[in-house]
Amino acid sequence: LVAPSAIRFGSYSVHVGRGLLARTGELARGAVRAHRWALVTDEHVGPRYAARVSSSFGDARVEIFTVPAGEANKTRESWGRLTDELLAAGFGRDSALLALGGGMVGDLAGFAAATYLRGIPVVQLPTTLLAMIDASLGGKTGVNTSAGKNLVGAFHEPALVIADPDVLTTLEPRELRAGAAEAIKHGAIADAEYFAHVSEQLPAALADAGGPVMQPLIERSIQIKGDAVAADAREHGRRKSLNFGHTLGHAIETASAYSLLHGEAIAIGMVLEAQLAERLGIAERGTATRIRAAVERAELPAVLPRALDRDRIVALTHTDKKSRAGTVEYALPARIGAMAGTESGWAVAVQDDFVRLVLSER
Ligand SMILES: NC(=O)c1ccc[n+]([C@@H]2O[C@H](COP(=O)([O-])OP(=O)(O)OC[C@H]3O[C@@H](n4cnc5c(N)ncnc54)[C@H](O)[C@@H]3O)[C@@H](O)[C@H]2O)c1
Ligand SMILES: [Zn+2]
């Protein structure tokens, strides 16, 4: 058994270890002073794990609020219903939320916590790999609107994060692999040694998600995201490195009408953006090939599906928050483990025509 660890992430701790969900009560009470606890979860996660969390609080009251699962429910309507239910139940300023679930629950419950009575603490209890190494960290919360994803939200740092890899054993293998794309990203943007390790170890980690190979990967990924966010909480510089693969990835995710999972679209996006960086002469040659190999070892898609319209993808990159006329900002690698453009704000403006060229290459 790998020993649990506590990683300092700005003002809060991220605990990683098997079996830690059953110690949520003790850890949460050490980090948050609250008299009432509302556990927000979804209909897939709640039946499996809510009791494990609530019983860890002993006699303290934990009330469970279940939202419908799935990205389509990360809406203002769900936020409205949840906050209405909290108000009806009389939760006051001395309460705190526990967000038990994947990134969908984390973002929704986090946004509820950010806004409820102008803000109450939230403890993030991520149950997907993506949420453990990405979504639960860094304080971004929010909901989707018909105009796009995550367009209404707030920064609200959690008071504590607990990642218990045991729960990953019940996650759909496809969801697990999709989360692994972010671990490949963490290596690519910040740590060549970790990248090599991830490339080699991911198949074993994915085959035994609660096992001894996975936990150190989760820990190192958390550290890398932590370093980027600590240096730049509001994303004016270094935090942008975390967007590697995401400018094209988000566009591909949308163009696929969400038939590709976020991590799957990001996997393709990282390969394409690395190719873009090589063609621009920014990245060392071979960078894209190495990223593609890591992606394929994790059994993630590496190639843009033929059916997706290239022009539409380029147009969709402009709905990203970082576009100017005719160009879009990309976070691009200089080589595995190091980003380009670190002196000019951690992003590189690339002409649409150039992007189109790379997308049309075979
Ligand atoms: N705030 C941020 O910084 C940030 C970063 C990245 C992603 N996100 C957001 O995260 C969301 C995606 O998160 P996700 O990939 O975790 O998806 P998700 O929360 O929708 O979970 C995926 C599916 O797995 C189920 N599930 C979760 N944990 C499980 C478990 N342990 N066992 C069995 N089933 C389980 C869920 O019910 C759901 O059906 C998106 O909304 C995205 O915008 C936010
Ligand atoms: Zn992502």
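These numbers come from the heavy atoms of this one structure, side chains and all, not from hydrogens, waters or symmetry mates. All ligand and atom numbering here is 1-based and tracks the order in the structure.
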Does the plane of the ring in Phe91 sit parallel, tilted or perpendicular to the ring in Phe65? Use 30° and 60° as the thresholds. perpendicular
Residues which pass side chain to side chain donor-acceptor pair (under 3.5 Å) with Glu157, listed by chain and number, not counting sequence neighbours: Tyr12
Those residues that, when tested against Thr342, pass side chain to side chain donor-acceptor pair (under 3.5 Å) (two or more places apart):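 Thr342 satisfies side chain to side chain donor-acceptor pair (under 3.5 Å) with no other residue.
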For Arg356, is there an ion pair with Asp353 - N to carboxylate O distance below 4.0 angstrom? yes
Strictly below 4.0 Å, N to O, side chains only: are Arg279 and Glu361 in salt-bridge contact? yes
Nearest 0.5 Å, please: how far is CG in Leu151 from CG in Asn144? 7.5 Å
Sort out the contact shell of ligand 1: every protein residue with a heavy-atom distance below 4.0 Å, listed by chain and number. Asp42, His44, Val45, Arg48, Tyr49, Ala69, Glu71, Lys74, Gly102, Gly103, Met104, Asp107, Thr127, Thr128, Leu130, Asp134, Ala135, Lys140, Lys149, Asn150, Val167, Thr170, Leu171, Glu175, Lys225
Show the numbers, then the answer: is there a side chain to side chain contact (heavy atoms under 4.5 Å, CB included) between Ile252 and Ile313? CA-CA 6 Å; Ile252 293 165; Ile313 291 171; 4.2 Å; yes
Step-by-step side chain to side chain contact (heavy atoms under 4.5 Å, CB included) determination, Glu273 to Ile291: CA-CA 10 Å; Glu273 291 184 12; Ile291 290 171; over 6 Å; no
Using a 6.0 Å cut-off, check whether atom CD of Glu172 has over 12 heavy atoms from anything other than its own residue.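 No, CD of Glu172 has 12 or fewer neighbouring heavy atoms, counting only those of other groups under 6.0 Å.
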Metal environment of the Zn ion (ligand 2), protein N/O/S under 2.8 Å: Glu182 OE2, His246 NE2, His262 NE2
